[in-house]
Protein chains: 2
Amino acid sequence: MELKVSHLDWSLVQSFLAVAETGSLSGAAAALGQSQPTLGRHIKTLEDQLSVTLFQRHPKGLSLTDTGNSILPAAIAMRAAMTQIANTAEIDAGDLSGTVRIACSVFAAHHVLPVVLAKIREHEPAISLVLQPSDDSENLTFRDADIAVRMYRPKQLDLITRHIAEIEMGVFAAHSYIQRKGRPENLQGMFDHDVVGYDTSPLMIDAMKSMGHTIAPDAFVVRTDNQSAYWELVRAGCGIGFTQAHLGRADPHIEELDIGIDIPSLPVWLTTHDTVRRIPRVARVWDLLAREIPRALQ
Amino acid sequence: MELKVSHLDWSLVQSFLAVAETGSLSGAAAALGQSQPTLGRHIKTLEDQLSVTLFQRHPKGLSLTDTGNSILPAAIAMRAAMTQIANTAEIDAGDLSGTVRIACSVFAAHHVLPVVLAKIREHEPAISLVLQPSDDSENLTFRDADIAVRMYRPKQLDLITRHIAEIEMGVFAAHSYIQRKGRPENLQGMFDHDVVGYDTSPLMIDAMKSMGHTIAPDAFVVRTDNQSAYWELVRAGCGIGFTQAHLGRADPHIEELDIGIDIPSLPVWLTTHDTVRRIPRVARVWDLLAREIPRALQ
DNA sequence: GATCTGCTATTCATTAATGAATGGAATTAA
DNA sequence: TTAATTCCATTCATTAATGAATAGCAGATC
């Protein structure tokens, strides 16, 4: 059965795309807020309407056929257009309510954004906020987040970016650690101490190398790649650590150490899509983030 | 009520686009093969989902609001993507059955295409053919036609075109006219005769001017802009007329006149969209048109 | 003014679509 | 080998969507 475009059901393509991206009927059902039998029927109906096979069925889900792969880009284009429609409608509605989703690192989600979001909620009680922490190295996919807070300059060409602050870094240790082990006099002496580091992340090793010190990952006697947990390890007295200065200086159980090195500060950038930025509530949250984050970093 | 893109119903946009283009619920219902109340509901549901007003309601239909106009381009983009999906599926299906729609002038629909389409049907009985005659000056809208047969070179940049023939023109009169009025000796003498012409179309006047004769539209004692009816007027003996040579020479009631002028021939072009051309049944009909039309013009 | 035409809005019966529940298959872990 | 997990396919009761019919409105025509 072949149908003219005007008689094809566009919503079946939405189901196709969800199954293609999740790889299963149940995954797509969850993503669309529907049920697994419904998704199975939608795919079958679309295959019947187009007279082609779009998926191979497996016990563990579905994989795209060549034909399925051929039409995938057009399905993605339909979603982009649908997103444009939704964003345009929101801009025209001019409404300062609804949900704004903010993506940031796990560390910032623990130690920077909570007080900022409380402030935003105070100013805009009709706006709901969703915090989406992640340390994945991939860049934003704006299907899910409206605004991202990043500690590096975003490089994608179709984004709006704004540099809002610099985060000063410092060397810190807990009082409990200092009572047991004392203080290092300089960077060289620090390596006779316990230092908390990252496990697989090369960030700290690269920073040391740029200061003239080559160290191996296992020079760090305690290691984690989770940056929020990293700070808790330092606070618990596991060793000396590097973190954002505002955080260490605000903690009464922590002492800042002067080992004679000048650590480069971290930039803070906001980023979003041009069209999303024009949605009134997103614009409002953007402005408030730009104002409140620098304040929170004092 | 605002919904995430994944929870918006894409088929509502299809209804929006149909109403926007037809200007009424009943018109859109006819275009989509649905009912008027359904279209009304779909528009209301979409307005509720997006929290905007998309149309102003009038006794004679609906007009787009500014917001409605803002989202119209994205809705058109969705249809383009949906069309791409349907075409891609058809190409992959590789099926030599289904319907092919052919657009052409009213004249060609009477005197050229019928014998050609009979020949195509003979070769491909599984392919249904729809002939869409029109003398509107607008170019093809390929939502409705797969292939167009044109007597001029199509100018759109995204089309595939092919020049397949030249149509020789001639001057003709019916025996009944010649018995009453005789034959003109040359072009000058012809204007002492009854000449059948076009009413508002400047084609014939422009052709005369390019041959050095300036005449007024009312110099034609019988006039019509319908080219197929034009030929019937000549055949009935209303006067001398200009038409395609293959037609006049094939008619036993018609005599060709030699008045010493050389009328430029008409080109015949086939045209279609690149993606549509790759659909197997369209490709097949294209090839057969390219072969059979020149034969029909002998 | 009366009538016709073409449209939208609403109601109600009918049809279609949906989801909870269940069964079957394949894979993995104990 | 058995049990658990994760998936798709199917059935049946429920819900949602649809279309025929009707009413109302505005504009054009006689």
Side-chain angles (χ1 to χ4, degrees), chain A residues 1-65 67-69 72 82, chain B residues 1-65 67-69 72 82:
Chain A
M1 175 178 59
E2 296 169 4
L3 293 178
K4 286 179 51 178
V5 167
S6 57
H7 288 76
L8 293 169
D9 184 349
W10 293 8
S11 62
L12 299 181
V13 179
Q14 189 179 14
S15 302
F16 162 81
L17 185 53
V19 174
E21 290 185 331
T22 58
S24 70
L25 296 179
S26 38
L32 299 181
Q34 296 181 312
S35 69
Q36 169 250 324
T38 297
L39 268 297
R41 290 190 198 108
H42 282 181
I43 297 304
K44 180 160 196 315
T45 301
L46 186 60
E47 286 178 327
D48 289 345
Q49 286 189 0
L50 296 177
S51 305
V52 289
T53 302
L54 298 170
F55 293 100
Q56 301 292 349
R57 270 78 165 170
H58 308 293
K60 284 297 200 180
L62 298 86
S63 62
L64 282 166
T65 60
T67 301
N69 257 310
L72 185 60
M82 187 76 229
Chain B
M1 177 177 56
E2 295 169 6
L3 293 177
K4 287 178 53 179
V5 167
S6 57
H7 288 78
L8 293 168
D9 185 349
W10 293 9
S11 62
L12 299 181
V13 180
Q14 188 178 16
S15 301
F16 162 80
L17 185 54
V19 174
E21 290 186 332
T22 58
S24 69
L25 297 179
S26 38
L32 298 182
Q34 297 183 310
S35 69
Q36 170 251 322
T38 298
L39 268 298
R41 291 190 198 107
H42 282 182
I43 297 303
K44 181 162 194 318
T45 302
L46 186 60
E47 285 177 328
D48 290 345
Q49 286 190 359
L50 297 176
S51 303
V52 289
T53 303
L54 298 170
F55 292 100
Q56 301 291 348
R57 270 78 165 168
H58 309 293
K60 285 296 199 180
L62 299 87
S63 62
L64 281 166
T65 60
T67 301
N69 258 312
L72 185 60
M82 188 75 229

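Lettering of chains follows the sequences in order, A, B, ..., and the numbering in each one begins at 1.
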In B/S/- notation (B base, S sugar-phosphate only, - none; protein heavy atoms under 4.0 Å), nucleotides 19-26 of chain C written 5' to 3' is BBB----S
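Between A:Phe55 and A:Ile43, the closest heavy-atom pair is CD1-CG2, 3.6 Å. In plain terms, the two heavy atoms of A:Leu25 and A:Val19 that are nearest each other are CD2-CG2, 4.1 Å. Between B:Ser15 and B:Leu32 the shortest heavy-atom distance is CA-CD1, 4.0 Å.
Rounded to whole Å, atom C1' of D:dC7 lies 15 Å from atom CZ of A:Phe55. If you measure from atom NE2 of A:His42 to atom C1' of D:dA9, you get 16 Å, rounded to the nearest angstrom. Computed from coordinates, the B:Leu32 CG to D:dA17 C1' distance equals 15 Å when rounded to whole Å. Straight-line distance from the CZ atom of A:Arg57 to the C1' atom of D:dT6: 17 Å, rounded to whole Å. Taking atom CG on A:Leu25 and atom C1' on D:dT6, their separation rounds to 12 Å, with Å as the unit. Separating the CG atom of A:Leu39 from the C1' atom of D:dA9 is a distance of 14 Å, rounded to the nearest angstrom. Rounded to whole angstrom, the span from the CG atom of A:Leu62 across to the C1' atom of D:dC7 amounts to 9 Å. When rounded to the nearest whole Å, the span between NZ of A:Lys44 and P of C:dT18 equals 15 Å.
The shortest distance between the side-chain N/O atoms of A:Ser26 and the OP1/OP2 oxygens of D:dC8 is below 4.0 Å. Between A:His58 and D:dT6, a side-chain N or O to OP1/OP2 separation shorter than 4.0 Å is absent.
The backbone N or O of B:Val52 sits nowhere less than 3.5 Å from a side-chain atom of B:Thr67 that would complete a donor-acceptor pair. Under the 3.5 Å distance criterion, the side-chain polar atoms of B:Thr22 are matched with a main-chain donor or acceptor of B:Ala28.
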When you look at B:Asp9 and B:Thr45, which way does the side-chain contact (heavy atoms from CB on, under 4.5 Å) test go after all the steps? CA-CA 9 Å; B:Asp9 185 349; B:Thr45 302; over 6 Å; no
Checking side-chain contact (heavy atoms from CB on, under 4.5 Å) for the pair B:Leu50/B:Phe16: CA distance, chi angles, key distance, verdict? CA-CA 12 Å; B:Leu50 297 176; B:Phe16 162 80; over 6 Å; no
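Note on B:Gly61: only backbone sugar-phosphate atoms sit closer than 4.0 angstrom, heavy atoms only; bases stay farther off.
One end of the helix from C:dG1-D:dC30 to C:dA30-D:dT1 points its axis 20° away from the other end's axis, with each axis taken from 5 pairs and the angle rounded to 10°.
Taken to the nearest 0.5 Å, the OG atom of A:Ser51 stands 10.5 Å off from the CG atom of A:Leu46. A:Ser11 contributes atom OG, which lies 6.0 Å from atom NE2 of A:His42 (distance to the nearest 0.5 angstrom).
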